[in-house]
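What follows is a short report on a single structure.
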Amino acid sequence: MTPRWIATGLSQDLPKAVVMAGHWQGHDLAVWRSATGRLQAWNDRCPHRGMRLSHGFVRGETLACIYHGWVYGADGGCKHIPAHPALTPPATITVASFACVEQDGVIWVAPADMAGAPPVLSDLQPLRSISLTCDVAAVLAAEPALQGQDILRATVQIGEQGQQVCLVAQEGPAGLTLHALCGVGADKVAVSRWVEDLRRRAEMKVAA
Ligand code: FES
């Protein structure tokens, strides 16, 4: 599979000092924002005994594992082991990190050595993320006006007006997530309802 930037959430859903689970092409991630707003995406596995770091908690500029409390700094290195408070943890205890970029209200993840930048969606505003129990093909079948593969776009008739809609697709172990954006100035409530209706129509395509 060709490495590429994949959306793993919307900026508005990850406030400061919060960690959440994310995914990149089969890899589970801990995506977290420090107390000052620094964004990171790490392998979701504590180097100690493998607990998910997305179950941990942010303390200032560090992320602590919920199991035995090992603390990891911004560079991914272990900084503190509560059971051995006088010990300076070896530099080899490090969490693997991914490239993580926030752009146009979307959080994008790629391998650490990824070249290039994520897609630009500057003509849009973030709306919401929604989970589906179907794949992208079912979404396209439900709404033929949508064009694209990872980024589905269309101008659709919602009420009296044509509205710009953009759905950024993220495949994960639990199914498909669509990160929805709409045109600046669009009726966000109406577009949000349209996205929910699209989910129903797409999931019915699978059930049919
Ligand atoms: S598993 Fe994370 S500190 Fe032990």
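- The closest side-chain heavy-atom distance from V106 to W5 is not below 4.5 Å.
- How far CG of L178 is from CZ of R128: 10.5 Å, rounded to the nearest 0.5 Å.
- There is no path of hydrophobic side-chain contacts, each under 4.5 Å, that joins V168 to L140.
- The shortest heavy-atom contact between P47 and T94 is CG-O, 3.8 Å.
- Separating the CD atom in Q157 from the CH2 atom in W194 is a distance of 12.0 Å, to the nearest 0.5 Å.
- You'll find the side chain of V195 reaches within 4.5 Å of the side chain of I130, heavy atoms only.
- The same ILVMFWY cluster, assembled from side-chain heavy atoms under 4.5 Å apart, contains both L127 and V139.
- Ion pair R33/E102 flagged as a salt bridge, since at least one NZ, NE, NH1 or NH2 atom sits closer than 4.0 Å to an Asp/Glu carboxylate oxygen.
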Derivation and outcome, side-chain contact (heavy atoms from CB on, under 4.5 Å), residues T8 and V31: CA-CA 9 Å; T8 196; V31 184; 4.1 Å; yes
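- For the 3.5 Å distance criterion, the side chains of Q40 and S34 fail to qualify, holding no donor opposite an acceptor.
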The test is side-chain contact (heavy atoms from CB on, under 4.5 Å); show your working for C182 and Q163 and say whether it passes. CA-CA 7 Å; C182 60; Q163 307 264 10; over 6 Å; no
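- Residues R153 and D123 are paired through a salt bridge, judged by an N-O separation under 4.0 Å between the basic side chain and the carboxylate.
- A salt bridge between E196 and R201 is absent, with no side-chain N of the basic residue lying under 4.0 Å from a carboxylate O of the acidic one.
- In terms of modelled atom types and a separation under 3.5 Å, the side chain of E203 and the main chain of C134 share no donor-acceptor contact.
- If you check the side chains of H23 and Q170, you find no donor sitting under 3.5 Å from an acceptor.
- Between Y72 and W42, the ring planes are perpendicular. Angles over 60° get that label, and only those under 30° would be called parallel.
- Rounding to the nearest 0.5 Å gives a distance of 11.0 Å between CD1 of I107 and CG of L29.
- Note on L14 and L121: separate hydrophobic clusters, where clusters join Ile, Leu, Val, Met, Phe, Trp and Tyr whose side-chain heavy atoms are under 4.5 Å apart, directly or indirectly.
- For the residue pair I81 and W70, the shortest heavy atom distance occurs at CG2-NE1, 3.3 Å.
- In terms of heavy-atom proximity, A186 sits nearest to V191 at CB-CG2, 4.3 Å.
- Between the Q147 side chain and the A154 main chain, no donor and acceptor come within less than 3.5 Å of each other.
- Inter-residue side-chain proximity for P3 and M114 is flagged as met; some heavy-atom pair is nearer than 4.5 Å.
- With contacts defined as side-chain heavy-atom distances shorter than 4.5 Å, the pair V136/Q149 does not qualify.
- Both L198 and V165 belong to a single network of hydrophobic side chains, linked directly or stepwise wherever heavy atoms of I, L, V, M, F, W or Y lie under 4.5 Å apart.
- With a 4.5 Å cut-off on side-chain heavy atoms, P111 and W24 count as touching.
- Under a hydrophobic clustering in which Ile, Leu, Val, Met, Phe, Trp and Tyr are joined whenever their side-chain heavy atoms come within less than 4.5 Å, directly or via other members, M20 and L53 fall into different clusters.
- With rounding to the nearest 0.5 Å, the separation of CD1 in I66 from CE in M51 is 7.0 Å.
- Closest approach of V19 and V58 over heavy atoms only: N-CG2, 4.1 Å.
- Counting heavy atoms from C-beta on, the side chains of P89 and K79 never come closer than 4.5 Å.
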Could you please spell out the steps behind the side-chain contact (heavy atoms from CB on, under 4.5 Å) verdict for D13 and S129? CA-CA 9 Å; D13 296 327; S129 298; 4.0 Å; yes
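- Residues I93 and P90 have side chains in contact (heavy-atom distance under 4.5 Å, counting atoms from C-beta outward).
- Rounding to the nearest 0.5 Å gives a distance of 12.0 Å between SG of C65 and CZ of R52.
- Nearest approach of V156 to A145, heavy atoms of both residues: CG1-CB, 4.4 Å.
- Annotation: the span from L146 atom CG to T155 atom OG1 amounts to 10.0 Å, rounded to 0.5 Å.
- Between the side chain of Q103 and the main chain of P119, a donor-acceptor pair closer than 3.5 Å is present.
- More than 12 heavy atoms of other residues, nucleotides or ligands shown are found within 6.0 angstrom of CZ on F57.
- A donor and an acceptor atom, one from each side chain of D104 and S122, are nowhere located under 3.5 Å apart.
- Taking 4.0 Å as the cut-off between side-chain N and carboxylate O, D28 and R45 do not count as a salt-bridged pair.
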Y67 vs H55, ring pair (Phe, Tyr, Trp, His ring centres under 6.0 Å): CA-CA, chis, key distance, verdict: CA-CA 9 Å; Y67 199 179; H55 292 175; over 10 Å; no
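- Salt bridge annotation for D150-R4: present, with a cationic side-chain nitrogen under 4.0 angstrom from a carboxylate oxygen.
- With a 4.5 Å cut-off on side-chain heavy atoms, L132 and T177 do not count as touching.
- Considering every non-hydrogen atom in both A202 and A138, the closest pair reads O-CB, 3.7 Å.
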Verify side-chain contact (heavy atoms from CB on, under 4.5 Å) between I151 and C166, making sure each step is shown before the conclusion. CA-CA 7 Å; I151 299 176; C166 174; 3.6 Å; yes
